[in-house]
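Here is the structure we will look at, set down as structure tokens.
Starting from 1, each residue takes its place in the sequence as its number.
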Amino acid sequence: MIVSLDIETYSSVDLTKSGVYAYAASPDFEILLLAFCIDDDPVEIIDLARGESISEAVISALTDPNIIKTAFNAQFERTCLARHLKTRMPAEQWRCTQAHALTLGLPGFLEGVAKVIGLQEQKMQEGKSLIRYFSIPCKATMANRSRTRNLPEHDREKWELFKAYCKRDVVVEREVRRKLSSFPMPAKEQKLWELDQRINDRGIRLDKVLVEHAIRCDEAYQQKLMEEARDLTGLENPNSPAQLKGWLKEKHGVTVESLSKEAVSELLEEVKSPEVKRLLALRQEMSKTSVKKYEAMMRAMRGDGRAGGLLQYYGANRTGRWCLAEGTPVLVKTPEDDLKEKPIQDVAAADLLWDGKEWVTHDGVVYSGEREVITWDGVTATPGHVVYLSDDESTTLGEAKERGQKLWRGYSRYTKL
């Protein structure tokens, strides 16, 4: 028996910025709709938002270790259902159609896979707008009587369409799974995906005090820089490119088209005025984004002080390896039985790694070497690095730059690290 399912949810936490673990841990998180089918049976839907409940039979199927559950990006369904049902959802009982698609070189989003393999059934195009309407907070306005959330009763027609959308996703996922079954996912890849899920479920412990203090230190430092820049220029907002360009031209006769990192570096080499040099140096300091990592840590941190979802299975979509950059700390057990954190590049073949259940051996670190990179729309990476143009449309950085396409600013359930 196989249960195919899809859910629609609500949370005030931004999924795109914080990830599914912090999203599902929000006090106002809830599952709105649960669509499912058993084997080839018609798809059924449970409208939890309007008072329906998950039957004991369905709960039994979802928690029975002998019944396989499937979803596209099963990590989302597993995590959300575990929170809702207040029980564990072991990855060993699940199959992820997204993971299977990635091992075959297919896109990492359901609509893309369905189109590539030519399914008759396709995702409903209204999905994005319906998710924006029901699944995330809305802006309070006079027109909506200052509410900050849209409920089913606020638009019954849209709600019925949302239910149809949820059911359609189950149909499409099931058909994708059937098509891909001609090219079975190797058992070792399934085991690797299960390991990936256990690591992400467990998360990585963060030092909350250190993170908070780092953010506060940066805020204080940024304020100091801003005050100096105001005193130097007399501008209300010297971090504004428009105001800064005007000041440079009016006060010092310096005309600039861009104040990007590269342009400011070049200007520093050219200008002679100590005042301008200091202002440009301040601009560089105020533009640094290193603290953004700490802010991301705070957003992703769960109540237990850990951040989950930091690994993406098959993140390096051509090699199939996880994406971990040089310098990433890894917990190891040395041959002397000591526990240590080592930068990933320093992990020795004799070191044991923790897989979420036990210490395991490995084949050593695979070094991918250095490759030429390009910069586009604030992102520096290899030309073939996967980037997103929307929540479910991806391309490569090289193609985006060539076509002049702006990159999507947000977290995707298919983030490539």
Side-chain angles (χ1 to χ4, degrees), residues 5-36 45-54 62 69 71-89 94 96 98 109-110 126-141 144 146-155 158-159 161-163 165-166 169-170 197 200-203 206 208 295-310 312 388 390-392 408-415:
L5 57 96
D6 184 68
I7 60 175
E8 302 301 337
T9 58
Y10 173 86
S11 174
S12 60
V13 172
D14 191 332
L15 176 65
T16 64
K17 293 181 178 179
S18 303
V20 66
Y21 293 92
Y23 174 87
S26 173
D28 60 6
F29 164 82
E30 64 175 298
I31 295 180
L32 306 174
L33 298 170
L34 168 59
F36 70 95
I45 192 161
I46 303 172
D47 191 340
L48 287 91
R50 297 187 65 192
E52 295 181 6
S53 57
I54 305 176
L62 292 175
K69 279 70 70 174
F72 198 93
N73 185 32
Q75 183 181 58
F76 185 78
E77 275 72 17
R78 280 198 324 106
T79 305
C80 293
L81 283 168
R83 166 72 194 283
H84 181 84
L85 298 175
K86 295 180 173 59
T87 186
R88 290 184 66 251
M89 286 281 162
W94 288 73
C96 179
Q98 181 200 44
F109 54 102
L110 185 56
E126 302 89 341
K128 291 180 184 178
S129 62
L130 292 169
I131 289 172
R132 283 194 297 270
Y133 189 82
F134 290 113
S135 295
I136 63 176
C138 63
K139 185 177 180 180
T141 64
N144 68 12
S146 298
R147 69 172 181 266
T148 57
R149 179 181 174 185
N150 294 316
L151 299 172
E153 55 265 32
H154 293 134
D155 196 317
K158 280 186 178 179
W159 184 251
L161 192 60
F162 200 31
K163 291 166 70 174
Y165 167 75
C166 186
D169 270 8
V170 175
Q197 298 298 288
N200 281 319
D201 288 350
R202 186 170 187 268
L206 301 175
K208 186 176 182 180
E295 293 171 356
M297 290 178 192
M298 285 299 297
R299 290 194 299 268
M301 196 181 302
R302 306 181 306 215
D304 62 358
R306 308 180 81 90
L310 300 184
Q312 167 63 41
Y388 279 79
S390 68
D391 185 46
D392 57 6
W408 183 64
R409 296 300 192 228
Y411 174 91
S412 168
R413 284 185 277 180
Y414 332 112
T415 301

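With contacts defined as side-chain heavy-atom distances shorter than 4.5 Å, the pair Arg147/His154 qualifies. Side chains of Ile54 and Ile31 form no contact here, defined as non-hydrogen atoms less than 4.5 Å apart. No side-chain heavy atom of His84 sits under 4.5 Å from any side-chain heavy atom of Ile7.
In plain terms, the two heavy atoms of Tyr165 and Gly127 that are nearest each other are CE1-CA, 3.3 Å. The heavy-atom pair separating Met298 from Lys208 by the smallest distance is CE-CE, 4.2 Å. Closest heavy-atom contact between Tyr10 and Phe134: CD1-O, 3.5 Å. Nearest heavy atom pair, residue Ser135 against residue Leu32, reads OG-CD1, 4.2 Å. Closest approach of Asp47 to Trp159, counting heavy atoms only: OD2-NE1, 2.8 Å. Counting all heavy atoms, side chain and backbone alike, Leu85 lies closest to Met89 at CD1-CE, 3.6 Å.
Atom CG in Leu310 sits 9.0 Å away from atom CE in Met297 (nearest 0.5 Å). Note that CG of Leu34 and CG of Leu62 are 6.5 Å apart. Values are rounded to the nearest 0.5 Å. To the nearest 0.5 angstrom, Leu81 atom CG is 10.0 Å from Thr9 atom OG1. Note: Leu110 CG to Asn73 CG = 10.5 Å, rounded to the nearest 0.5 Å. Of the inter-residue distances, the one linking Phe162 atom CZ with Glu126 atom CD reads 12.0 Å to the nearest 0.5 angstrom. Residue Leu33 holds its CG atom at 5.0 Å from SG of Cys166, rounded to the nearest 0.5 Å.
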After noting the C-alpha distance and the side-chain angles of Asp28 and Arg149, does the key distance pass the salt bridge (charged side-chain N to carboxylate O under 4.0 Å, His left out) rule?
CA-CA 11 Å; Asp28 60 6; Arg149 179 181 174 185; over 6 Å; no
Would Leu5 and Lys69 satisfy side-chain contact (heavy atoms from CB on, under 4.5 Å), going step by step from the backbone distance to the final call?
CA-CA 7 Å; Leu5 57 96; Lys69 279 70 70 174; 4.2 Å; yes
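Asn144 places a side-chain N or O within 3.5 Å of a backbone atom of Lys139 that can act as its donor or acceptor partner.
Taking the six-membered ring where tryptophan is involved, the planes of Tyr23 and Phe76 are tilted, since the angle between them lies from 30° to 60°.
For the pair Arg83 and Phe29, the cation does not sit on the ring face, since its NZ or CZ is not both under 6.0 Å from the ring centre and inside 45° of the axis.
Partner of Tyr21 under the side chain to side chain contact (heavy atoms under 4.5 Å, CB included) criterion, out of Val13, Asp304, Asn200: Asn200 alone.
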